[in-house]
Amino acid sequence: MLSSSSLIWIGVLLLGLEASLTRASDFQHHAYEEMVRALFAVQSDCPYITRIYSIGRSVEGRHLYVLEFSDNPGIHEALEPEFKYVGNMHGNEVLGRELLIYLAQFLCEEYRAGNERITHLIHDTRIHILPSMNPDGYEVAARQGPEFNGYLVGRGNSKEVDLNRNFPDLNALMYYYEKQNGQNHHLPLPDNWELQVEPETLAVIKWMQNYNFVLSANLHGGAVVANYPFDKSREPRIRGKTISSATPDDKIFRKLAKTYSYAHSWMHKGWNCGDYFDEGITNGASWYSLSKGMQDFNYLHTNCFEITLELSCDKFPPATALASEWLANREALVYYMEQVHHGIKGMVYDENNNPISNAVISVAGINHDITSGTDGDYFRLLLPGTYTVTASALGYQPFTSMVTVGPAEAVQLPFYLKVQPKGTNLNVKSYSNKKGSSTAKIPPTNLGPR
């Protein structure tokens, strides 16, 4: 639980955010064309800190547009972490889509107004906002509107496929490797995986592979809770009871979930939508087991830590509710982004100061490694404490350092690796590249909010 001083600090920060969007008339639902116009309007108002790009198209050909915020748009700056928000994965869960449009407008307006907190965030972070991963599903849901929208109408894409049940299932492979002391990160994808996923899923996976994201959140609706990995249970249900399925980074995931929950106006209170979640957070599998979900895939295939944010009881709230929902989520959306700057980060060099990409960064006691990016920089989210950290790469001697992490900005911990002498056989981590996938049968209808 966050301390009282932390809550006071959050309150002080909230007072520092001027309410750019306050009039009820500013809040409305955005159809696809209106959403696109809103994103390009932000880019026009803040051309020097934004960029719009498409990561692909939906089944019906709609662009999946991303709005990027950075002091150098389009460029990865070494030691500057990459963050992403994804909304509207389920087409009929629309609040996240609207909140991300408002967030984009807010960041631009506050930057132009000289807000020091927002300026610092944009200068030190590369932020990517995908308001709608499922624009086709949204259009189906929007035709019925808030008053008559059914629980499933527009949930899937144009082919009625649930995109949060459409990612390659890496959990089964991970749970097998745990027993065999095998690979614990960047798990390989099954053969012909591109042919097994929807265009929207394919676009997002390629996006993850092309950007070294560090932290992410996926915005949903139908409940009010911050959900963290793993979503898929390691074991079958026992006597009808679900069992928590913790990642090796369970403590940091719980902290990330609480960060959003306590910064939200009421999520942390627990009682919402007829359900109770202690402190407004839950382990995904403890709630109900979900296979082929996006947040687990982030953790198992990339360097990115992602949680799922359920933000409203009503999947398609009326426009009159949007202003209050924005005020309830605004501070949490900003505060969560700031968490990308905790833990450790650094460069991995060789003896000639050349960056080493794909170096493995291991933390003793946490069985989940991350890797350095193409520029040789790495980012490892950690809670405050003292850690033993090892950097290793093929052809180089591993190097180990001790580091103490505090509650403030990430500690910089560079590594300089020496070339491995010929004829030596050092204990450098290496894993089989054998591809694998789960053969377990997945129940066809697990259609909770996620």
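Predicted model only: the values in this text are computed from it and were never measured.
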Peer 1: Would you please classify the geometry between the Phe253 ring and the Phe305 ring as parallel, tilted or perpendicular, with 30° and 60° separating the classes?
Peer 2: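 Geometry flag for Phe253 against Phe305: parallel rings.
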Peer 1: In terms of ring plane angle, is the pair Phe316 and His29 parallel, tilted or perpendicular, where the classes change at 30° and 60°?
Peer 2: tilted
Peer 1: Any side-chain heavy atom of Phe27 within less than 4.5 Å of one from Thr320?
Peer 2: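 Phe27 does not reach Thr320 side chain to side chain.
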Peer 1: Looking only at side-chain N and O atoms, does Glu198 offer a donor or acceptor that is under 3.5 Å from a partner on Asn157?
Peer 2: yes
Peer 1: How close do Asn92 and Arg155 get, heavy atom to heavy atom, and via which atoms?
Peer 2: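 In this case the closest contact between Asn92 and Arg155 is OD1-CA, 3.3 Å.
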Peer 1: For the rings on Tyr32 and Tyr138, is their centre-to-centre separation under 6.0 Å?
Peer 2: no
Peer 1: Can you run down the disulfide bond (SG atoms under 2.5 Å apart) pairs that involve residues 62-106, sequence neighbours left out, and say none if there aren't any?
Peer 2: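 Sorted result for residues 62-106: empty, none.
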Peer 1: Would you call Arg117-Glu110 a salt bridge at under 4.0 Å N-O?
Peer 2: no
Peer 1: Can you say whether the rings of Tyr85 and Phe83 are parallel (under 30°), tilted (30 to 60°) or perpendicular (over 60°)?
Peer 2: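 Geometry flag for Phe83 against Tyr85: perpendicular rings.
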Peer 1: Contact between Glu306 and Met294 at the side-chain level, heavy atoms closer than 4.5 Å - yes or no?
Peer 2: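 Glu306 reaches Met294 side chain to side chain.
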Peer 1: Please list all pairs passing the side-chain hydrogen bond (donor to acceptor under 3.5 Å, both in side chains) test where one or both residues lie in residues 202-214, with sequence neighbours left out.
Peer 2: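 As it turns out, the side-chain hydrogen bond (donor to acceptor under 3.5 Å, both in side chains) pairs with a partner in residues 202-214, which skip direct neighbours, are Arg51-Tyr211, Tyr53-Trp207, Gln209-His301, Asn212-Asn303.
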Peer 1: Identify the heavy atoms of Ser54 and His63 that sit nearest to each other, and give their distance.
Peer 2: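 Answer, listing the atom of Ser54 first, then His63: OG-ND1, 2.8 Å.
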Peer 1: About how many Å separate NE2 of His368 and CZ of Arg380, when rounded to the nearest 0.5 Å?
Peer 2: 6.0 Å
Peer 1: With under 30° as parallel and over 60° as perpendicular, where do the rings of Phe167 and Phe297 fit, or are they tilted in between?
Peer 2: tilted
Peer 1: Answer yes if the side chains of His220 and Asn227 hold a donor-acceptor pair under 3.5 Å, and no otherwise.
Peer 2: no
Peer 1: With a 3.5 Å distance limit and no angle check, can you tell me whether Ser289 reaches the backbone of Ala285 through a side-chain donor-acceptor pair?
Peer 2: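 Answer holds: no.
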Peer 1: Just by modelled atom types, is the Ile52 backbone N or O under 3.5 Å from a matching donor or acceptor in the Gln43 side chain?
Peer 2: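 Judged by distance alone, no pair lies under 3.5 Å.
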Peer 1: Is it the case that more than 12 heavy atoms not belonging to Tyr276 sit under 6.0 Å from its OH atom?
Peer 2: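 Yes, OH of Tyr276 has more than 12 neighbouring heavy atoms, counting only those of other groups under 6.0 Å.
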Peer 1: Would you say the side-chain atoms of Asn329 and Tyr102 include a donor-acceptor pair closer than 3.5 Å?
Peer 2: no
Peer 1: I want to check something: taking the side chain as every heavy atom from C-beta on, are Asn367 and Tyr177 in contact at a cut-off of under 4.5 Å?
Peer 2: no
Peer 1: Please tell me whether Tyr262 and Tyr335 form a close aromatic pair, meaning their ring centres lie under 6.0 Å apart.
Peer 2: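 No.
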Peer 1: Kindly compute the distance separating CZ (Phe277) from OG (Ser261), expressed to the nearest 0.5 Å.
Peer 2: 11.0 Å
Peer 1: Just checking, is any N or O donor in the side chain of Thr371 or His185 under 3.5 Å from an acceptor N or O on the other one?
Peer 2: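 No donor-acceptor contact under 3.5 Å links the two side chains.
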Peer 1: Would you tell me whether Ser132 and Arg97 have side-chain atoms, one donor and one acceptor, within less than 3.5 Å of each other?
Peer 2: yes
Peer 1: For Tyr111 together with His123, are the ring centres under 6.0 Å from each other?
Peer 2: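 Yes, ring centres under 6.0 Å apart.
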Peer 1: For a side-chain hydrogen bond (donor to acceptor under 3.5 Å, both in side chains) with Glu279, tell me which candidate from Lys258, His268, Arg254 qualifies.
Peer 2: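 Of all the options given, the one that passes is Lys258.
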Peer 1: Which of these, Leu99, Ile118, Leu333, sits in a side-chain contact (heavy atoms from CB on, under 4.5 Å) with Phe106?
Peer 2: Ile118
Peer 1: Under 3.5 Å, is there a donor-acceptor pair between the side chain of Thr125 and the main chain of Leu121?
Peer 2: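 A pair under 3.5 Å: yes.
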Peer 1: Report yes if some heavy atom in the side chain of His90 is under 4.5 Å from a heavy atom in the side chain of Leu163; otherwise report no.
Peer 2: no
Peer 1: If you look at every heavy atom in Ser312 and Asp314, which pair is closest and at what distance?
Peer 2: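 Shortest heavy-atom separation between Ser312 and Asp314 comes out as OG-O, 2.7 Å.
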Peer 1: Between Pro135 and Ser58, which heavy-atom pair has the shortest distance, and what is it?
Peer 2: CG-CB, 4.1 Å
Peer 1: Of the non-hydrogen atoms in Ser216 and Cys304, which two are nearest, and what is the gap between them?
Peer 2: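 Heavy atoms of Ser216 and Cys304 come nearest at CB-SG, 3.5 Å.
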Peer 1: Look at the side chain of Glu200 and the backbone N and O of Val59, then say whether any donor-acceptor pair between them is shorter than 3.5 Å.
Peer 2: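 Present.
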Peer 1: Considering non-hydrogen atoms only, spot the tightest contact between Asp169 and Asn171 and give its length.
Peer 2: OD1-N, 3.2 Å
